[in-house]
Amino acid sequence: MLSALRIESFAIIDSLEIRFGEGLNVLTGETGAGKSILFDALSLLLGGRADPGMIRAGADEAVVEGLFVGAEYVERARALGLPAEGAELLVRRVISRRGRGRVHVNGSLATVGMLSELLGGTVDLSGQHQHLSLLRRECHGELLDRFGGLADEVAAFGEAWRSWVRLEAERKRLLDEAGEREAQRDYLAFVLAELDAVDPKPGEDEALEGERRRLAEVERLREAAAFCEAVLDADDDSAADRMARAARRLEEAAACDEQLAPLARQLEAALEEIRDVARALARYRSSLCADPERLEQVEERLSALRRIARKHGGSLEAAIERRESIRRELEEVSGAEDRLREVEEALELASREVVRTAKALSRARREAATRLEERLLPGLGALGLDGAEIRVRFEPPAGAPRFGDRSIGPRGAEEVEFFLRANVGEEPRPLAKTASGGELSRILLAFKAALSSVDPVLCYVFDEVDAGISGSTALAVGRMLQQAARERQVLCITHLGQVAAFADRHLHVSKCIESGRTVSRVHVLEDEGERRRSIARMMAGTEDGSALAAAGELLAHGRRSLPRAHRARRHGTLRSAPQARTS
């Protein structure tokens, strides 16, 4: 719960500290005393937008601090990496005129975004215009799901829907690309056929170029081979003959000096090599023959290889790589078609799951709608809306995709809308077109009462939710706030004595002039007499005997409305709660 709220230099508030208790905490006071400023300050602690214009004139910064007590706050703080000891959480927010503000949690720096994660969903602010959310049709389904406790059904449908959306998007993409893939496949097949027709081999162009040069220069090569063969071994006085004579002379000399023997052997080896070269040249010369037909074939082949090289990268190696690349691309195109078949099969299963979970969610929603209508009926009557009924209507989601015979959208097979029948005999009409502002405030309260058993909120805050009502209806509002406070802490800003009489803790806000400046003060009405006099002034503007008597009856009525255990808690709370400090 919210244990304390401290405000400095905020609007007309100079310095103010308020301590709240369990149950129903009511803040009363004259118009303009600063009651709603407390609401705005609390909104800042919950991550609301900061406005430097709210800083008190003459001050450089405004400070709002809140002390929250409860294990859930501590667990959230630890999850965010913020310090948390015991069961208390001190949240501090500073608004500065000179620059960005600051946020501290238990003395550690934090961000405004962290405030939303830290306190979001635990404190529910319902201001004078918050009931407008009831007019938004898109919120009605969420309210119904919360009331029905349909988190599991909603989660199951959401998972099925997201899976279907993902597969449908992939199917659409594959279909959109199908025409392009067909054209691409035809083009790739044509290019591959051209490359396959040539069927180039790595290094083939270089080999053919060598063969072409040889065929084109047969006579020149033959003459060169014959000349070299003759010089080496065929002619008289050839190189082989001379080396043979030299080898014999050296061998004879080696008989006299063994140092010449290795040289003689080297010379013999060289001679053999020369003769081998000569024989090879003879064979080479014999193999050479003019072949114009083969030369033409080689030149045609080289021309084909050069053509595909120019078209596919500038070299034969690039063309060969392009050939393999095209084969891979064709496989990918065929793979996309296989993937399309897989997606369509998976999409069929996903569609069935969407329909199944949507049907389950629809059944649960209709059951929850019946319970909600029944739960709201007595609350509306108690709040002075006699003859009024809330009806939950379901319509197929507009523009949603079809699944067989039904339309299903991101939130299910129906859009939820609340209809109000204001009076007996009238046709229900959309809530947004029927209810007045005062009726909406009371309907909002009736909804919160109906949702109280499933609402995870730890603290309700109402800013004049009783606006536009009086008399017995105001009593009913006070009683319903009192009932809501049995489950959680409730803070209510009110101007009606009939509502204030039901409070567990009554705080009075007033303003005065000090040193030429307007300041707000908060006083906890501990004494029964103080409360009676305050309520009398709220009701009649006076503290005469009849007004005090009426106020006393209201307080007695408020006590009688409580169960015995709650009355004991209320008495103990009022007696032990510390006085609010102001300055």
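- Using a 3.5 Å distance cut-off with no hydrogens or angles, the side chains of His523 and Ser510 do not pair a donor with an acceptor.
- Leu481 places none of its side-chain heavy atoms less than 4.5 Å from the side chain of Tyr460.
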Run Ile390 and Leu372 through side-chain contact (heavy atoms from CB on, under 4.5 Å) and show every step you take.
CA-CA 9 Å; Ile390 293 290; Leu372 180 60; 5.8 Å; no
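- At distances below 3.5 Å, not a single donor-acceptor pair connects side-chain atoms of Asp527 with backbone N or O atoms of Leu525.
- Using a 4.5 Å cut-off on side-chain heavy atoms (C-beta onward), Leu548 and Arg533 make contact.
- Of the charged side-chain nitrogens involved, none lies within less than 4.0 Å of a carboxylate oxygen, so that Arg78 and Glu75 do not count as a salt-bridged pair.
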Given side-chain contact (heavy atoms from CB on, under 4.5 Å), test Phe147 with Arg371 step by step and report yes or no.
CA-CA 9 Å; Phe147 170 79; Arg371 297 199 308 273; 3.7 Å; yes
Show your reasoning for whether side-chain contact (heavy atoms from CB on, under 4.5 Å) applies to Val64 and Leu5.
CA-CA 7 Å; Val64 180; Leu5 183 67; 4.1 Å; yes
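- Taken from CD in Glu415 to CD in Glu138, the straight-line distance is 9.5 Å, to the nearest 0.5 Å.
- A donor-acceptor contact shorter than 3.5 Å is absent between the side chain of Gln498 and the backbone of Leu554.
- Pro397 places none of its side-chain heavy atoms less than 4.5 Å from the side chain of Arg411.
- A salt bridge is defined here as a Lys NZ or Arg NE, NH1 or NH2 lying under 4.0 Å from an Asp or Glu carboxylate O, and Arg391 with Glu389 meets this definition.
- Residues Pro52 and Arg97 share a closest heavy-atom pair of O-NH1, 3.9 Å.
- Taken from CD in Glu367 to OG in Ser362, the straight-line distance is 11.0 Å, to the nearest 0.5 Å.
- A side-chain donor-acceptor contact under 3.5 Å links Arg505 to the backbone of Arg19.
- Summarising the geometry, atom CD1 belonging to Ile37 is positioned 6.0 Å from atom CE belonging to Met54; distances are rounded to the nearest 0.5 Å.
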Set out, in order, the CA-CA distance, both residues' side-chain angles and the distance that settles side-chain contact (heavy atoms from CB on, under 4.5 Å) for Val91 and Leu115, then state yes or no.
CA-CA 8 Å; Val91 179; Leu115 291 182; 3.5 Å; yes
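- Here the NE2-CZ distance, from His508 to Arg531, works out to 13.0 Å after rounding to the nearest 0.5 Å.
- Within the 4.5 Å cutoff, the side chain of Asp145 has heavy atoms near those of the Arg365 side chain.
- In this structure the side chain of Ile493 never reaches within 4.5 angstrom of the side chain of Phe462, judged on heavy atoms.
- In this structure, the side chains of Val63 and Arg6 come closer than 4.5 Å at one or more pairs of heavy atoms.
- In this structure the side chain of Val477 never reaches within 4.5 angstrom of the side chain of Phe502, judged on heavy atoms.
- Looking at Asn106, its side chain does come within 3.5 Å of a backbone N or O of Leu90 through a donor-acceptor pair.
- Proximity of Arg98 to Asp60: side-chain heavy atoms (C-beta onward) are separated by under 4.5 Å at one or more points.
- Rounding to the nearest 0.5 angstrom, the gap separating the CD atom in Glu88 from the OH atom in Tyr73 is 12.5 Å.
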For Arg137 and Glu417, what are the C-alpha separation, side-chain angles and deciding distance, and is it a salt bridge (charged side-chain N to carboxylate O under 4.0 Å, His left out)?
CA-CA 6 Å; Arg137 181 181 181 185; Glu417 185 172 9; 3.4 Å; yes
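- Taking all atoms of both residues into account, the shortest heavy-atom contact from Thr494 to Leu496 is OG1-N, 3.1 Å.
- Atom CD of Glu530 sits in a crowded spot, with more than 12 heavy atoms from other residues, nucleotides or ligands closer than 6.0 Å.
- A pairwise comparison of heavy atoms in Met538 and Gly497 identifies CE-N, 3.6 Å as the closest pair.
- Distance check, rounded to the nearest 0.5 Å: CD1 of Ile13 to CG of Leu38 gives 5.0 Å.
- Listed here is the closest heavy atom pair of Ala484 and Val490: C-CG2, 4.1 Å.
- Ile535 and Ala501 get closest at one heavy-atom pair: CD1-CA, 3.8 Å.
- Taking every heavy atom of both residues into account, Pro401 and Trp161 meet most closely at CG-CH2, 3.8 Å.
- In this pair, Phe418 and His140 present their aromatic rings parallel. The plane angle is below 30°, not in the 30 to 60° band.
- In this structure, Ser163 contributes its side chain and Ala160 its backbone to no donor-acceptor pair below 3.5 Å.
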